[in-house]
Number of protein chains: 2
Amino acid sequence: MLMLGALMTVSSVSAAQEKEIPRVIVFDTFGTLVDWRSSLIRYLTEFGRERGVNADWTKLIDAWRAQYMPSLNNIRNRERPWATLDELHRASLEKLVTAHGINVLSRDDLDYIVNGWHKLTPWPDTVPGLSRLRRKFIVGPLSNANVSLLVDLAKFGGLPWDMVLGSDVFEHYKPDREIYTGIGKFFKVSDSAVMLVAAHNNDLGAAKSFGLMTAFIPRPTEYGPEQTTDLKPENNYNYVASSVEDLAQQLGA
Amino acid sequence: MLMLGALMTVSSVSAAQEKEIPRVIVFDTFGTLVDWRSSLIRYLTEFGRERGVNADWTKLIDAWRAQYMPSLNNIRNRERPWATLDELHRASLEKLVTAHGINVLSRDDLDYIVNGWHKLTPWPDTVPGLSRLRRKFIVGPLSNANVSLLVDLAKFGGLPWDMVLGSDVFEHYKPDREIYTGIGKFFKVSDSAVMLVAAHNNDLGAAKSFGLMTAFIPRPTEYGPEQTTDLKPENNYNYVASSVEDLAQQLGA
């Protein structure tokens, strides 16, 4: 019994030592930190009421988000020159409003709607969790959004970033290698000292394949009440946490 | 008298209207926001005492800073490939310690000394002034320092940045045009909506020549008690302020 107890102690100390600690922690933003879908539904419903425009805004928003990956891939494949996420949002919105039979919107209306992506509400645990992590680590976004969009989101939601390096700094979109490994280059640390936190298995899978540490936080209602994807970690991540605050707890911050 | 009073009112209203307001405010950092010289003297004096190394640290620091522009110019002229300010600080320190007869320092000692540039104390008005400006404007550094150095400085001194775009984002050093005009590109605003705040006439002169707004804040002891340069604005700037807090006041923040 004494020997077994000693062995167990050694084994648990060794497990704790094996749990690596990152130097820099970066966060996927849409979905992982901010509730883009509910925020946009509120924003567009309010806009429709004030402007007297009737439309199925939820359907429009879901269709808009469905254009996200295809529009990024056009850039990633070099089919078109670099454009920011704001510009891609604008271009896909213009096509979608016509397809959805919403033909009464002015240029200013479209600008206003695109700007909805700059005013997204954080999940309740986001700001308290980041504030704790920031005391011990360098924290910033690792998002497909451009710097100005990320800065607006941070000011709107009170996200306490140490730095904001958007996709336009790298001129690459996730899941390109260059954006994941760009963070370590700026901070002169190895990729294995950088941890990506995300609610999306594909994002974390890419980060892991490029040598970053990874942490999964499920956001089971990001895509609405009937979400079926990304409910669980589908890979072996360094951390799995129920919230940003839980992650801070696990990292001793 | 009545007519003169009316004219004076019109004229002062029109002057107030002419005073332009920027969208994004960026700050030179060394000297303008942080007191690098006193901080480094304290840091190295303490280091020398602990390590038992006797040297004229103030003389070393002044010589180190004198290497600043020449080392940047080597990069600006493309005489050597891009290197960060941390790397340039390290290279010039290695030469200087030998020249100053300080031959007892290990590699770790040199790393420790270079890291002194990451631990510089802000002037007393810096943090309260930035905190006020941040409520109304997007604020960030516009410095020759690299991102990681600027992030460390911000964490050390509590500088409340919205974004940290270092010279390594642009791969250009001031006074190259690309670093001044890079900010407007990221924020999709014209250069005339970006204001540089600095304690140095040459920096502000360059910014002005590239179309930025400018604000001068004198730091008459930056280079020590016998400073003779940059005591006054030597050009026509949009704002002249006695402190960052005074600038916030003038901008209604």
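Side chains are part of it too, since the values below use all heavy atoms of this structure and drop only hydrogens, waters and symmetry mates. Lettering of chains follows the sequences in order, A, B, ..., and the numbering in each one begins at 1.
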Original post:
Take atom CZ in B:Arg23; do more than 12 heavy atoms of anything else shown fall under 6.0 Å from it?
Top reply: no
Original post:
Checking B:Leu150 against chain A: side chain, backbone, both or neither under 4.5 Å from a heavy atom?
Top reply: neither
Original post:
A:Asp152 versus chain B, heavy atoms under 4.5 Å apart: side chain, backbone, both or neither?
Top reply: side chain
Subject >> Flag side-chain contact, heavy atom, 4.5 Å: B:Trp161 against A:Val164 >> reply: no
Original post:
Is it the backbone or the side chain of B:Asn146 that comes under 4.5 Å from a heavy atom of chain A, or both, or neither?
Top reply: neither
Original post:
Yes or no on side chain to side chain contact (heavy atoms under 4.5 Å, CB included) for A:Lys155 and B:Arg135, after CA distance, side-chain angles and deciding distance?
Top reply: CA-CA 9 Å; A:Lys155 288 181 95 85; B:Arg135 288 186 234 139; over 6 Å; no
Subject >> Over 12 foreign heavy atoms within 6.0 Å of NZ, B:Lys136 >> reply: yes
Original post:
Which one of B:Asp86, B:Val189, B:Ile138, B:Leu159 has the most heavy-atom pairs closer than 4.5 Å to chain A?
Top reply: B:Ile138
**OP:** Please flag which part of A:Lys185 lies under 4.5 Å from any non-hydrogen atom of chain B: side chain, backbone, both or neither.
**Re:** neither
Original post:
Hey, is CZ on B:Arg177 packed in by over 12 heavy atoms from elsewhere, all under 6.0 Å?
Top reply: no
Original post:
Which of these, B:Val169, B:Val147, B:Asp168, sits in a side chain to side chain contact (heavy atoms under 4.5 Å, CB included) with A:Val169?
Top reply: B:Val169
**OP:** Side-chain contact test, heavy atoms from C-beta onward, threshold under 4.5 Å: evaluate it for B:Phe187 versus A:Val151 and give yes or no.
**Re:** yes
Original post:
Given a strict heavy-atom distance threshold of 4.5 Å, which part of A:Leu149 is in contact with chain B: side chain, backbone, both, or neither?
Top reply: neither
**OP:** Could you tell me which portion of B:Arg134 (side chain, backbone, both or neither) has an atom closer than 4.5 angstrom to a non-hydrogen atom of chain A?
**Re:** both
Original post:
Above 12 or not: heavy atoms from other molecules or residues under 6.0 Å from NZ of A:Lys208?
Top reply: yes
